[in-house]
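Scroll down for the structure; my scribbles are underneath it.
Numbers restart at 1 for each chain; the letters A, B, ... are given by sequence-line order, proteins then strands. The structure presented is a predicted model; accordingly, all values stated were derived computationally and were not measured.
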There are 2 protein chains.
Amino acid sequence: MKLSTRSRYGTRLLLEMARNYNGGPMQLGEIAKRLGVSVKYLEQIIIPLKKAGYIDSVRGPKGGHILARPPAEVTVAEIVTLLEDGVTLVECVEYPSVCGRSPICPTRVLWKAVSEAMLAQMHVTLADLAAQAEALEKQFPQLP
Amino acid sequence: MKLSTRSRYGTRLLLEMARNYNGGPMQLGEIAKRLGVSVKYLEQIIIPLKKAGYIDSVRGPKGGHILARPPAEVTVAEIVTLLEDGVTLVECVEYPSVCGRSPICPTRVLWKAVSEAMLAQMHVTLADLAAQAEALEKQFPQLP
DNA sequence: AGTATATATATTAGATAGATAGAGAACAAG
DNA sequence: CTTGTTCTCTATCTATCTAATATATATACT
């Protein structure tokens with residue numbers, strides 16, 4: 001039931017870019033250093049985010065990546081839905097036909113409710129996260 | 001972010017036994033047939049449930065397994081916590097020390113809130129699920 | 001031209017999930 | 001006291017996925 005690093009790194013990747021919004025393109029090398037992750041791995045994670053229109057990229061020297069939408073208009077729910085396969089605990093919540101028992105399955109009802117509760121909590125924007133980050137860094141100034 | 005079959009089957013296994021509460025021991029063969037799962041696999045899943053005291057077993061002919069606690073006193077939250085490794089989306093929610101950034105990590109705050117929302121929704125008892133099952137079966141009598 | 005950066009594709013080592021198999025131990029019935 | 005039923009324990013297997021690395025190519029600035 002754990003999140004994959006894919007959606008965790010992806011969220012933090014977008015958060016870094018949100019915090020640098022209006023600051024020009026950011027390079028993956030720099031972001032990778034901040035996240036403590038390899039550039040190569042971020043290169044993979046960024047692909048679906050670009051395809052989905054969250055990120056614009058510029059090649060060549062002084063190139064990099066830019067958040068394509070205002071941070072206040074991107075929610076974590078969207079990001080996780082994209083990078084994970086939907087925000088549901090079991091497949092049958094999204095696709096009831098994967099199991100013949102779906103219509104009478106009492107546990108499906110439960111997993112659905114839990115999944116919806118998760119999704120509701122994820123309606124937080126990148127701007128919210130950025131503000132949270134500022135606050136936490138002010139509170140613990142010794143940490144990088 | 002999907003649940004493992006371990007916790008899904010485990011929950012349904014206990015639900016079957018809850019529905020048969022006061023009905024004597026149930027055999028894994030019968031339960032396996034109902035769940036559409038191999039006996040051998042259920043044998044593994046039942047081990048931690050027995051160790052944790054949810055189930056008592058009787059060997060020999062006419063043996064089987066019995067729910068050791070009243071269905072109204074067993075929540076899905078407990079079951080999933082036992083069979084999954086905790087109801088948290090990331091390890092650092094339960095064990096902040098796994099990551100040095102925990103104190104200032106804005107995403108950790110979020111994943112924690114989401115995890116807690118999940119857990120809250122899982123405070124449903126086996127008795128609740130059993131009642132739900134009855135209701136659904138009354139509503140769709142054609143299905144087994 | 002040369003360099004910095006992004007993009008694309010392939011590969012891989014390891015972990016985990018999901019499941020199966022077989023021998024052994026307890027116990028009730030006859 | 002033997003036989004058959006059922007649970008119990010340990011071992012093993014395979015496919016899939018995760019996380020990461022490597023290599024080669026395309027683009028664009030200076």
Taking side-chain hydrogen bond (donor to acceptor under 3.5 Å, both in side chains) as the definition, give me every residue that meets it alongside A:Lys2, ordered by chain and number, with sequence neighbours left out.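 With neighbours one apart ignored, the set is B:Thr88.
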Where along residues 5-24 of chain B does a heavy atom fall under 4.0 Å from DNA chain D?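 Per residue number, the list is empty: none.
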For residues 49-65 of chain B, which residues have at least one heavy atom under 4.0 Å from DNA chain D?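 Heavy-atom contacts with DNA chain D come from B:Lys50, B:Ser57, B:Val58, B:Arg59, B:Gly60, B:Pro61, B:Gly64, B:His65.
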Side-chain atoms of residues 108-119 of chain A: list all donor-acceptor pairs with protein atoms under 3.5 Å, sequence neighbours left out, distances to 0.1 Å.
unit_1	atom_1	unit_2	atom_2	d
A:Arg108	NE	A:Cys92	O	2.9
A:Arg108	NH2	A:Cys92	O	3.3
A:Ser115	OG	A:Leu89	N	3.0
A:Ser115	OG	A:Trp111	O	2.7

Can you list, in residue-number order, the parts of residues 88-95 of chain A that come under 4.0 Å of DNA chain C, counting heavy atoms only? none
Among residues 25-42 of chain B, which residues get a heavy atom nearer than 4.0 Å to DNA chain C?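 The answer is B:Ser38, B:Lys40, B:Tyr41.
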Residues 12-20 of chain B, side-chain donor-acceptor partners within the protein, below 3.5 Å, at least two apart:
unit_1	atom_1	unit_2	atom_2	d
B:Glu16	OE1	B:Arg34	NH1	2.8
B:Arg19	NH1	B:Glu137	OE2	3.0
B:Arg19	NH2	B:Glu134	OE2	3.4
B:Arg19	NH2	B:Glu137	OE1	3.2
B:Asn20	ND2	B:Gly24	O	3.1

Without placing hydrogens or testing angles, list every side-chain donor-acceptor pair under 3.5 Å for residues 57-69 of chain B, not counting sequence neighbours.
unit_1	atom_1	unit_2	atom_2	d
B:Ser57	OG	B:Lys50	NZ	2.9
B:Ser57	OG	B:His65	ND1	2.6
B:Arg69	NH2	B:Glu73	O	2.8
B:Arg69	NH2	B:Glu78	OE1	3.4

Approximate separation, where rounding is to 0.5 Å, of B:Leu83 CG and B:Arg6 CZ: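 Rounded to the nearest 0.5 Å, the CG-CZ separation comes out at 5.5 Å.
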Pair up each side-chain donor or acceptor in residues 36-44 of chain A with any protein partner under 3.5 Å, not counting sequence neighbours, and list the distances.
unit_1	atom_1	unit_2	atom_2	d
A:Ser38	OG	A:Tyr41	N	3.0
A:Tyr41	OH	A:Thr5	OG1	2.9

What's in the same ILVMFWY side-chain cluster as B:Tyr95, cut-off under 4.5 Å, chained through other members?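 Members besides B:Tyr95, by chain and number: B:Val98.
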How would you give the extent of chain B contacts on DNA chain C, as first and last nucleotide 5' to 3' within a 4.0 Å heavy-atom cut-off? C:dG18 to C:dA28
Mapping B:Gln44 and A:Glu43 onto DNA chain D by nearest heavy atom, which one lands closer to the 5' end? B:Gln44
Between the axis at one end of the helix from C:dA1-D:dT30 to C:dG30-D:dC1 and the axis at the other (five pairs apiece), what's the angle to 10 degrees? 10°
